[in-house]
> 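Quick one: structure below, then a few questions.
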Amino acid sequence: MFEIFGIPSNALFSQLLIGLINGSFYALLSLGLAVIFGMLNIINFTHGAQYMMGAFMAFFLLQYAGLSYWWALIVAPVVVGLFGMIIERTMLQWLYKLDHLYGLLLTFGLALIIEGVFRNYFGSSGLPYAMPDSLRGGQNLGFMFLPNYRAWVVVASLVVCLGTWFVIERTRLGAYLRAATENPTLVRAFGINVPRMITLTYGFGVGLAALAGVMAAPIYNVSPQMGSDLIIVVFAVVVIGGMGSIMGAIVTGFGLGVIEGLTKVFFPEASNTVIFVIMAIVLLIRPAGLFGRTA
Amino acid sequence: MLDVPSAPLLAVEGLHAWYGESHILHGASFEVRAGEVVTLLGRNGAGKTTTLKSIMGIVGQRKGSVRFEGRELIGLSSNAIARGGIAFCPEERGIFASLDVEENLFLPPEVKPGGLKTDSIFTLFPNIKERLRSQGTKLSGGEQQMLAIGRILRTGARLLLLDEPTEGLAPVIIQQIGHTIRTLKEQGFTILLVEQNFRFASTVADRYYVMEHGRIIDAFANSELDANLEKLHEYLGV
């Protein structure tokens, strides 16, 4: 055991790990928000509820269908993503030409309704979700103990985030998305079905939230308000990174998770507010966010 | 000599179009035959751009008839219209800032077989080949115009709608664009061109339609241009 700035290394590294875990969720969720905002011009306040639905979906699949965690990783994002697409087709699509405020109000209202329905049926105390057996236990790295499941969450989230970045920034499909963000009318006049692409993009962003929910289920309990607790912080992350920036969402997601973890070690009293303090400073200095482009 | 008129490739009849409350086209009618270069002339605000956009299905509301290869386009979405084989090059060029030149060039999907090969596009516009890695909007105005035309030649669309391709460009670039249009015509493309600059149009066009207040008010062939010059000056206010 050694010390860094008077802090036992063990405590430091375990807080760093917790920071990375939280950062994984921040990154996945703010990435989904960024993708959705870029394409739909909608600030998706339902995101937290969709994350919670992902966790519940994992719980249902295990409880009633006997489908394991690994199945849930695939099935839950697809099901919740489809649910999102129905919302987009029936409600959101009418709001694109209006002020952001309308989309915000609608998605916020939906989040309250979804949460209310879940609370009505499942109460507000959490339901336990067992960790998959293959990810139990951990590695002793010498300077700290690394639980396998947490390592998996960090790696999986990194892979998904970077994969998404790659598709959007480096492929033909991504070029369609970027072009349609700039000038949907012209992209459509080239023969691309932009409305369908928008629906699928929303479904994908929502699917990312549900995926985060599944990954969160074994760490936190599955509960109706798990999303609203998290989403406030995630919105701060998005503001810091810059609305609509893909890499910005990923880097600030992980970065702020780590900063939050370190704050817990060095100045625990501020750990709940540090992200908001950073947000305030960023808004003052760079209102478009660290990675945002000023319009 | 027998003059057998081929069926028009594009037939516009009684076309009305609106942007929100404002009624822009008031029953425009004209036609374009396969292989022709037809130019819409008219003052600013006469409805030329709106006509192209109405054919493409990107105005607020339209009424009347637009038939392409005998198929009615009114009521189709713009992506379906494009898939039918019509390509549009907008006045503002529409080069995407978040895409590099290569991505811009390959953005429009192939809608029909038989589009130009990439090499032929580079032969027409050698400048583009030099700058594939640049951000789209970092190109000069002339290069952006070439990119905007080049990218719709790949798609296999046989009817090209070009909205003021020479606007704001230097004379040498305008010549290059004129040369391109003549080359495309030789290769069998049909082109509907909107132009303010009828001196440029006279170097490429087979026929002209003159628009005013959202209607076609006159039509003549390129060979009749000199005879119509005085009238034309009056129409265009030049």
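Letters A, B, ... are given to chains in the order of the sequence lines, protein chains preceding strands, and every chain is numbered from 1.
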> What do you reckon, is NZ of B/K129 surrounded by more than 12 foreign heavy atoms closer than 6.0 Å?
no
> Is chain A contacted by the side chain of B/I95, its backbone, both, or neither, given a heavy-atom distance below 4.5 Å?
backbone
> Which value, rounded to the nearest 0.5 Å, describes the distance between B/L107 atom CG and A/R172 atom CZ?
8.0 Å
> Mark yes when over 12 heavy atoms from residues, nucleotides or ligands other than B/H179 sit less than 6.0 Å from its NE2; otherwise mark no.
no
> Just checking A/F108: does its CZ atom have more than 12 heavy atoms from other residues, nucleotides or ligands closer to it than 6.0 angstrom?
no
> If you compare all heavy atoms of B/A82 against all heavy atoms of A/G191, which two are closest, and at what distance to 0.1 Å?
CB-N, 3.3 Å
> Do other residues, nucleotides or ligands put more than 12 heavy atoms under 6.0 Å from A/Y102 OH?
no
> Between CG of B/N79 and CG of A/N193, what distance do you get to the nearest 0.5 Å?
4.5 Å
> Sort B/A97 into side chain, backbone, both or neither according to what part of it lies under 4.5 angstrom from a heavy atom of chain A.
both
> Among A/A189, A/G174, A/P195, which has the most heavy-atom pairs under 4.5 Å with chain B?
A/A189
> Using non-hydrogen atoms only, which part of B/P109 is less than 4.5 Å away from chain A: side chain, backbone, both, or neither?
both
> Could you state the interatomic distance from CG (A/L186) to CZ (B/F96), rounded to the nearest 0.5 Å?
4.5 Å
> Roughly how far, to the nearest 0.5 Å, is CZ of B/R83 from CZ of A/F190?
12.0 Å
> Give a yes or no on whether A/R89 atom CZ has more than 12 heavy-atom contacts from other residues, nucleotides or ligands under 6.0 Å away.
yes
> Rounded to the nearest 0.5 Å, what separates atom CD in B/E103 from atom OG1 in A/T171?
8.5 Å
> To check you understand the geometry: which heavy-atom pair defines the closest contact between A/E182 and B/L99, and what is its length?
OE2-N, 4.5 Å
> For A/R188, is it the side chain, the backbone, both, or neither that has a heavy atom closer than 4.5 Å to a heavy atom of chain B?
both
> Between CG of A/N183 and CD of B/E92, what distance do you get to the nearest 0.5 Å?
7.0 Å
> Can you tell me if CD on B/E13 sees more than 12 non-hydrogen neighbours from other groups inside 6.0 Å?
no
